[in-house]
Amino acid sequence: MPELPEVETVRRGLHELIIGKVVQTEQHDTEKGFPNTLADVSAFLLGATITDVRRRAKVLMIDLSSGYSLVIHLKMTGQLVFVGETRFGAGHPNDSLIGELPDKSTRVSLLFTDGSALYFNDQRKFGWMKLLPTTEIPNMKFMQKVGPEPLEDDFTPQQFMQRFLRRAKTNIKAALLDQSVIAGVGNIYADEALWGAKLHPLRLVGSLTEEEFTLLYHELRAVMKLAVQKGGSSNHTYVNAEGKKGSYMDFARVFRLEGTLCQRCGAIIEKTRVAGRGTHICPVCQHL
DNA sequence: CACTTGACCTGTCCGC
DNA sequence: TGCGGACAGGTCAAGT
């Protein structure tokens, strides 16, 4: 499911909904195949108040008054859904895509003292939720190597180009997806940004001109900003903190549009495979 | 070291 | 209607 815009949408929703809530009980999936470290340290979870909800790259952090944080990666199919003013297991927003919670893909349930709840659902179990001291988060392996946030105001085209040149001999799509180059880009927004910059995904990073890097920088930021504004993109699994979908796909220009006409030149959009991922291009605009 | 590929899981869709 | 295989918005460990 989620790339930076989707995770940011979830973060904003949770920030509105769960700050100040006090954790009363917690249940988690103990099946193998779902990695989490909640069991060992639940003493730092129960009775704690939620103080902040943050994001770095595609990782969410829910800070607690105990000095610990829930650190969450949704990977492909993870969802964090808040259910307000109900009892455990009862009810949900009327326009939600989510049925009654918890359900068979619920991995973690957090019940708050006011009767509301937060559910971590994950069909494919790639996602994870860990509880660790807030001060330890920057020491996580992922945090050590992850690249800069592309939407930060102080992120410049020069930085952008320099980060990519670390991967000069691979193709531009693989480099965009590499979290150590730039944080938060995934398959949707990689394809959308490459179309915007008229770059073929197989172009070698080292072959791009400074002008092409600058254009890609602006296209990537524009696409991600629009997606945040639209609440992200939704397939059948992505939902925000209220269980609702985002509308970016209404604005997509190539992603999952194979067989339709390129809005820029009228050629037929094609789907191929690059860096092991389904890849959508306009074969005319985005030449090698 | 840089780069590519397979593995982790479950569900769905598509062709036979 | 059933079955096999490919594939799904991510990342890491292993391989070359």
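First the proteins, then the strands, lettered A, B, ... as listed; each starts at 1.
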Query - Stacking check Phe126(A) vs dC9(B) (5.5 Å / 30 deg) - result: no
Report task. Indicate whether OP1 or OP2 belonging to dG10(C) is found under 4.0 Å from a side-chain N or O atom of His73(A). Result -> no
Query raised in the report: Looking at Lys271(A), does any N or O in its side chain come under 4.0 Å of the phosphate oxygens OP1/OP2 on dA8(C)?
Result: yes
Query raised in the report: So does Gln179(A) get a side-chain nitrogen or oxygen closer than 4.0 Å to the phosphate oxygens (OP1/OP2) of dT11(C)?
Result: yes
Report task. Could you pull out all residues at least two apart from Glu136(A) that satisfy salt bridge (Lys or Arg N to Asp or Glu O under 4.0 Å)? Result -> none
Query - Phe213(A)/Tyr217(A) aromatic ring centres below 6.0 Å - result: no
Requested in this report: Verify the ring-centre separation between Tyr248(A) and Tyr189(A): is it less than 6.0 angstrom?
Outcome: yes
Query raised in the report: Over how many whole Å does the gap from Leu202(A) atom CG to dT4(B) atom P extend?
Result: 10 Å
**Report entry** Out of dG11(B), dG10(C), dA8(C), whichever nucleotide has its closest atom nearest the side chain of Arg124(A)
**Finding:** dA8(C)
Query raised in the report: Closest heavy-atom contact between Val10(A) and Val239(A)?
Result: CG2-O, 4.0 Å
**Report entry** Cation over ring face, Lys130(A) and Trp128(A), 6.0 Å, 45°
**Finding:** yes
Query - Contiguous pairing runs of three or more, Watson-Crick or G-U under 3.5 Å, that involve DNA chain C - result: B:2-8 with C:10-16, B:10-16 with C:2-8
Query raised in the report: With sequence neighbours excluded, what pairs up with Lys21(A) under the salt bridge (Lys or Arg N to Asp or Glu O under 4.0 Å) test?
Result: Asp114(A)
Between the protein and nucleotides 12-16 of chain C, are there any N/O to N/O pairs under 3.5 Å, and if so, what are the atom names and distances?
residue: dC12(C); atom: OP2; partner: Lys145(A); partner atom: NZ; Å: 2.7

Requested in this report: Respond yes when some side-chain nitrogen or oxygen of Thr170(A) is under 4.0 Å from OP1 or OP2 of dT4(B), and no when none is.
Outcome: yes
Requested in this report: For DNA chain C, find the residues of residues 160-169 of chain A with a heavy-atom distance under 4.0 Å and give them by number; none if there aren't any.
Outcome: none
Query raised in the report: Tell me, which pairs form a salt bridge (charged side-chain N to carboxylate O under 4.0 Å, His left out) where one or both residues lie in residues 48-63 of chain A, sequence neighbours left out?
Result: Glu8(A)-Arg55(A), Arg54(A)-Asp63(A), Arg55(A)-Glu149(A), Arg56(A)-Glu149(A)
Requested in this report: Carefully, step by step, assess Glu212(A) and Lys198(A) under the rule salt bridge (charged side-chain N to carboxylate O under 4.0 Å, His left out).
Outcome: CA-CA 9 Å; Glu212(A) 287 175 322; Lys198(A) 300 188 185 178; over 6 Å; no
Query raised in the report: Among residues 254-261 of chain A, which contact DNA chain C at a heavy-atom distance under 4.0 Å?
Result: Phe255(A), Arg256(A)
Query - ring-ring contact (aromatic ring centres under 6.0 Å, His included) partners of His200(A), counting only residues at least two apart - result: none
**Report entry** side-chain N/O Arg277(A) vs dA8(C) OP1/OP2, d < 4.0 Å
**Finding:** no
Requested in this report: Specify the separation, in whole Å, of atom CG of Leu74(A) and atom C1' of dA8(C).
Outcome: 16 Å
**Report entry** Contact residues, residues 219-228 of chain A to DNA chain B [heavy atom, < 4.0 Å]
**Finding:** none
Query raised in the report: Considering residues at least two apart in sequence or located in another chain, which fulfil the ring-ring contact (aromatic ring centres under 6.0 Å, His included) criterion with Tyr68(A)?
Result: Phe44(A)
Query - Touch class at under 4.0 angstrom, heavy-atom based, for Gly276(A) against every strand present - result: nothing
Query raised in the report: For the residue pair Ala197(A) and Leu215(A), what are the closest heavy atoms and their distance?
Result: O-CD2, 3.7 Å
Report task. Select base, sugar-phosphate, or nothing to describe what Gly278(A) touches, counting heavy atoms under 4.0 Å on all strands. Result -> sugar-phosphate
Query raised in the report: Taking the P atom of each, how far is dT12(B) from dT11(C), in whole Å?
Result: 24 Å
Requested in this report: Identify, with sequence neighbours excluded, every residue that meets side-chain contact (heavy atoms from CB on, under 4.5 Å) alongside Asp178(A).
Outcome: Arg167(A), Ser180(A), Val181(A)
Under 3.5 Å donor-acceptor pairs involving side-chain atoms of residues 278-285 of chain A, not counting sequence neighbours:
residue: Thr279(A); atom: OG1; partner: Lys173(A); partner atom: NZ; Å: 3.0
residue: Thr279(A); atom: OG1; partner: Val274(A); partner atom: N; Å: 3.4
residue: Thr279(A); atom: OG1; partner: Arg277(A); partner atom: O; Å: 2.9
residue: His280(A); atom: ND1; partner: Asp191(A); partner atom: OD2; Å: 2.8
residue: His280(A); atom: NE2; partner: Arg256(A); partner atom: N; Å: 3.2

Requested in this report: Verify whether one side chain among Asn240(A) and Thr9(A) offers a donor that lies under 3.5 Å from an acceptor in the other.
Outcome: no
